[in-house]
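Only one structure is covered here, and it is reproduced in the block below.
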Amino acid sequence: MNENIEKEREREPAHYLLIDFEATCANDESVPRQHMEIIEIGAVMVETATLRVVDEFQSFVRPVRHPRLSAFCTQLTTITQAQVDAAPGFVEVAAALKAWRAAYPDLIWGSWGDYDRNQLQQDCGFHRVADPVGAPHRNIKRLFAQREGSGRKFGLDGGVRRARLAFAGTHHRGIDDARNIARLLPYALGRAELPREAR
C-alpha cells in the first residue's frame, strides 16, 4: 500500500497551483450565468513535496459586461465598486498571471469544484485570449469528498469545518479561499487524516 502511495507521489508535479475566482453575480437574474465575469483572482502556489505555500498571486479585475457590481455581489464577496473600477482588465491580469505562473513550469492547478475552471474558460473565450494557466486541472472538492468517504459534498467552508479548522480570512474572497483550499490539500491528497466525527 505504501509503495503504491509513493509511486503516486512520484507522478505528481512539482507544484499545485490553487486558484479561486470571484465573479460578477446577482440574486435577481440581472447577471446571467453566461455573462458572469471574474472580478478577483486569488492564487496560491504549493510545493508538492512539502505541501508548503511558496508564493501567491492576487488581483482584482475590472468587468466590462456588467461593470456595476450588484449589492448582492458586494455583500457576498466584500469586493467594492471602487476596487474593480481601479483594477486592470481581464486581458492584462491574465497576462500577469501567466508571467507569474511561468516561474513554476511543472504544475497542476486545482480549485474547489469545477466552477473556477469553467469560469476561466468563459472569460478567456469572451476576451479571446489563451488560457493563462495552461496546465491540467484537478477538482480538489471531489478529491476531498472521496478521501472523506461519507458521500457528502462539502462547500469550502464546510470542508474547513470538517477538518476542524477555523476559516482563515473572508469567505468568498479569492485569495482567502485559495489559501483555505491549500490548507485542505493535505486531506484531499491523503497526506493527512481527517478527524473522526463525533458519534
Side-chain angles (χ1 to χ4, degrees), residues 2-23 36-63 79 87-147 156 159-160 163 165 168-169 172-192:
N2 286 344
E3 189 178 324
N4 289 340
I5 291 171
E6 288 305 316
K7 283 181 181 175
E8 188 177 312
R9 284 185 189 169
E10 284 173 18
R11 291 195 301 271
E12 287 187 326
H15 294 92
Y16 273 84
L17 171 54
L18 303 173
I19 297 181
D20 186 84
F21 299 122
E22 300 305 323
M36 289 170 65
E37 294 173 87
I38 294 168
I39 56 172
E40 185 193 6
I41 296 176
V44 172
M45 193 69 70
V46 175
E47 182 181 63
T48 303
T50 63
L51 298 186
R52 183 174 60 90
V53 173
V54 295
D55 207 350
E56 292 186 348
F57 176 96
Q58 188 277 338
S59 181
F60 295 114
V61 184
R62 188 178 66 254
I79 297 170
F90 178 81
V91 173
E92 187 178 339
V93 177
L97 176 63
K98 183 178 180 178
W100 173 78
R101 170 259 188 273
Y104 306 94
D106 181 27
L107 62 78
I108 281 174
W109 81 277
S111 58
W112 197 259
D114 285 326
Y115 156 76
D116 301 87
R117 178 176 57 84
N118 295 333
Q119 187 64 52
L120 180 61
Q121 290 174 350
Q122 180 169 297
D123 281 63
C124 287
F126 177 72
H127 291 280
R128 299 183 180 181
V129 296
D131 178 347
V133 180
H137 175 267
R138 281 195 186 168
N139 182 330
I140 307 301
K141 177 180 180 178
R142 184 181 299 131
L143 291 176
F144 182 89
Q146 288 168 351
R147 297 289 184 182
L156 180 56
V160 169
L165 301 171
H172 296 302
R173 273 298 313 279
I175 191 62
D176 289 339
D177 284 0
R179 289 168 179 160
N180 281 284
I181 297 168
R183 296 168 71 211
L184 295 180
L185 188 62
Y187 304 103
L189 295 180
R191 306 265 198 101

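Just so you know, these numbers use all the heavy atoms, side chains as well, and skip hydrogens, waters and symmetry mates.
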**Request:** Start with the C-alpha gap between L18 and L185, add the side-chain angles, then the distance that decides, and say whether side chain to side chain contact (heavy atoms under 4.5 Å, CB included) holds.
**Result:** CA-CA 9 Å; L18 303 173; L185 188 62; 4.2 Å; yes
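- Distance NE2/H137 to CG/N118: 8.5 Å, rounded to 0.5 Å.
- Residues A188 and L143 share a closest heavy-atom pair of O-CB, 3.7 Å.
- Residues passing the ring-ring contact (aromatic ring centres under 6.0 Å, His included) test with H172: none are found, sequence neighbours excluded.
- The ring-ring contact (aromatic ring centres under 6.0 Å, His included) check on F144 picks up W112, F154, with sequence neighbours excluded.
- Using modelled atom types, one side-chain atom of R62 and one backbone atom of A87 make a donor-acceptor pair closer than 3.5 Å.
- By the side-chain hydrogen bond (donor to acceptor under 3.5 Å, both in side chains) test, Q146 is found to be paired with no residue, residues two or more places apart in sequence or in another chain being considered.
- Between the side chain of T48 and the backbone N or O of H15 there is at least one donor-acceptor pair closer than 3.5 Å.
- Residues meeting the salt bridge (charged side-chain N to carboxylate O under 4.0 Å, His left out) test with R179, sequence neighbours left out: E56, D176.
- With D116 as the partner, the side-chain contact (heavy atoms from CB on, under 4.5 Å) test is satisfied by one option alone out of I181, D20, N139, D177: D20.
- Within the model, atoms CD1 of I140 and CG of L156 stand 11.5 Å from one another, a figure rounded to the nearest 0.5 Å.
- Between P13 and P136 there is no side-chain heavy-atom pair separated by less than 4.5 Å.
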**From CA spacing to verdict: side chain to side chain contact (heavy atoms under 4.5 Å, CB included), V61, E37** = CA-CA 9 Å; V61 184; E37 294 173 87; over 6 Å; no
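- Applying the salt bridge (charged side-chain N to carboxylate O under 4.0 Å, His left out) test to R117 and every residue at least two apart in sequence or in another chain returns D114.
- In this structure the side chain of N180 never reaches within 4.5 angstrom of the side chain of L165, judged on heavy atoms.
- A search for side-chain hydrogen bond (donor to acceptor under 3.5 Å, both in side chains) contacts involving E40 returns Q58, R173, not counting sequence neighbours.
- Q121 pairs by the side-chain hydrogen bond (donor to acceptor under 3.5 Å, both in side chains) definition with nothing, not counting sequence neighbours.
- The shortest distance between side-chain heavy atoms of V46 and V54 does not fall below 4.5 Å.
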**Evaluation steps, side chain to side chain contact (heavy atoms under 4.5 Å, CB included), between M36 and F21** = CA-CA 11 Å; M36 289 170 65; F21 299 122; over 6 Å; no
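- In this structure, E92 does not pair ionically with K98, as no charged nitrogen and carboxylate oxygen lie closer than 4.0 Å.
- Scored by the side chain to side chain contact (heavy atoms under 4.5 Å, CB included) test, A96 finds F57 as partners (sequence neighbours excluded).
- Counting only residues at least two apart or in different chains, salt bridge (charged side-chain N to carboxylate O under 4.0 Å, His left out) contacts with residues 118-128 are absent.
- Within the 4.5 Å cutoff, the side chain of C124 has heavy atoms near those of the F90 side chain.
- Judged as a salt bridge (charged side-chain N to carboxylate O under 4.0 Å, His left out), and not counting sequence neighbours, the contacts of E47 are R52.
- By the side chain to side chain contact (heavy atoms under 4.5 Å, CB included) test, A135 pairs with R101, L107, W109, V133, sequence neighbours left out.
- For D55, the side-chain hydrogen bond (donor to acceptor under 3.5 Å, both in side chains) test picks out W100, Y104, with sequence neighbours left out.
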**Request:** Determine, step by step, whether Y16 and V44 satisfy the side chain to side chain contact (heavy atoms under 4.5 Å, CB included) criterion, reporting the C-alpha distance in whole Å, the side-chain angles of both residues, the deciding distance to 0.1 Å, and the verdict.
**Result:** CA-CA 8 Å; Y16 273 84; V44 172; over 6 Å; no
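- Between Q119 and E22, the closest side-chain pair of non-hydrogen atoms is not below 4.5 Å.
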